[in-house]
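Everything below concerns the one structure shown next.
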Amino acid sequence: MPSHVHLLFQAKKENPSALIRDLKKFTATNLLNLIRDNQQESRKEWLLWMFKRAGTKSSNVTHYQFWQHHNQPIEIHSDKFFNEKLDYIHQNPVVSGFVSEPQDWKYSSAKNYWQAVDSVLNIDLLS
C-alpha cells in the first residue's frame with residue numbers, strides 16, 4: 001500500500017520486536033539515501049523536509065523519521081487465523097480501489113499464491 005505495509009513473518013530465533021526494529025532501521029536508512037541521491041526525484045526536498053519535520057516531533061529521533069513508532073503486531077495462533085490475515089492483506093489494495101484483483105498489485109504476495117509467475121517479492125510459502 002502507498003501509506004503502510006503489512007507483514008506476516010516468523011521469528012525463529014530472535015524477538016519479533018527486535019526484527020521489526022532492525023527492519024525499520026535498515027529500510028529507513030536505505031530509502032532516505034535513495035531519495036536523497038536520486039537526481040530525478042522532483043519531490044526530494046519536500047520528502048526530506050517532511051521526514052525531518054516528523055523527526056523533530058519525536059524525542060528519540062536525531063534527524064529523520066521515516067516509520068511511525070507504533071506497530072500493531074498480532075500473534076498468529078492457527079492456520080485458519082493465518083489464512084484470514086493473509087486474505088486481508090491481499091484484499092487491502094482491492095478494497096482501497098487500487099486494483100481489481102489482488103494479484104494485480106505489484107508489491108503483493110498474492111502473485112506467489114495464485115499464479116506460478118515471478119513476483120517482485122520473494123516469499124517462503126508456508127505449507
Test your reading of the model: is there a side-chain donor-acceptor pair from Thr29 to the backbone of Phe26, 3.5 Å cut-off? no

About how many Å separate CG of Leu8 and CZ of Phe82, when rounded to the nearest 0.5 Å? 5.0 Å

In one Ile/Leu/Val/Met/Phe/Trp/Tyr side-chain cluster, 4.5 Å: Phe51, Leu34: yes

Please answer: with hydrophobic residues joined when any side-chain heavy atoms are less than 4.5 Å apart, are Ile74 and Ile20 in the same cluster? no

Cluster check Val94, Phe98: I/L/V/M/F/W/Y, side chain < 4.5 angstrom: yes

Atom CZ in Arg36, atom CG in Asn33: separation rounded to 0.5 Å? 5.0 Å

When you group the ILVMFWY residues by side-chain heavy-atom contacts below 4.5 Å and let the links chain together, are Phe9 and Leu86 in the same group? no

With no hydrogens and no angle check, is any side-chain donor or acceptor of Asn71 less than 3.5 Å from a backbone partner on Pro73? no

Rounded to the nearest 0.5 Å, how far apart are CG of Leu23 and CZ of Arg21? 11.5 Å

Is a side-chain N or O of His90 found less than 3.5 angstrom from the main chain of Ala110, in a donor-acceptor match? yes

Can any side-chain N or O of Trp105 pair as donor or acceptor with the backbone N or O of Pro93 at less than 3.5 Å? no

One pair to check against side-chain contact (heavy atoms from CB on, under 4.5 Å): Tyr64 and Lys52. What are the steps and the verdict? CA-CA 4 Å; Tyr64 300 100; Lys52 187 172 187 96; 3.7 Å; yes

Following the transitive rule for hydrophobic clusters with a side-chain heavy-atom cut-off under 4.5 Å over Ile, Leu, Val, Met, Phe, Trp and Tyr, establish whether Phe66 and Val5 coincide in one cluster. yes

For the atom pair CD (Glu84) and CD1 (Ile76), what is the distance rounded to the nearest 0.5 Å? 9.0 Å

Do any N or O atoms from the side chain of Ser109 and from the backbone of Asn112 form a donor-acceptor pair under 3.5 angstrom? no

Glu41 (side chain) donor-acceptor with Arg43 (main chain) under 3.5 angstrom: yes

What do you reckon, is NZ of Lys44 surrounded by more than 12 foreign heavy atoms closer than 6.0 Å? yes

What is the minimum heavy-atom distance between His69 and Lys24, and which atoms define it? O-NZ, 3.8 Å

Note, Pro102 side chain near Gln91 side chain (heavy atom, < 4.5 Å): yes

Taking the side chain from Asp87 and the backbone from Asn83, do they hold a donor-acceptor pair closer than 3.5 Å? no

Will you find, in the side chains of Gln68 and His70, an N or O donor that is under 3.5 Å from an N or O acceptor? yes

Compare all side-chain heavy atoms of His63 with those of Leu32 and state whether any distance is below 4.5 angstrom. no

On the 0 to 90° scale, with breaks at 30° and 60°, tag the Phe81-His77 ring pair as parallel, tilted or perpendicular. parallel

Could you check Trp67 against Thr27 for side-chain contact (heavy atoms from CB on, under 4.5 Å), going step by step and ending with a plain yes or no? CA-CA 9 Å; Trp67 293 105; Thr27 55; 2.9 Å; yes

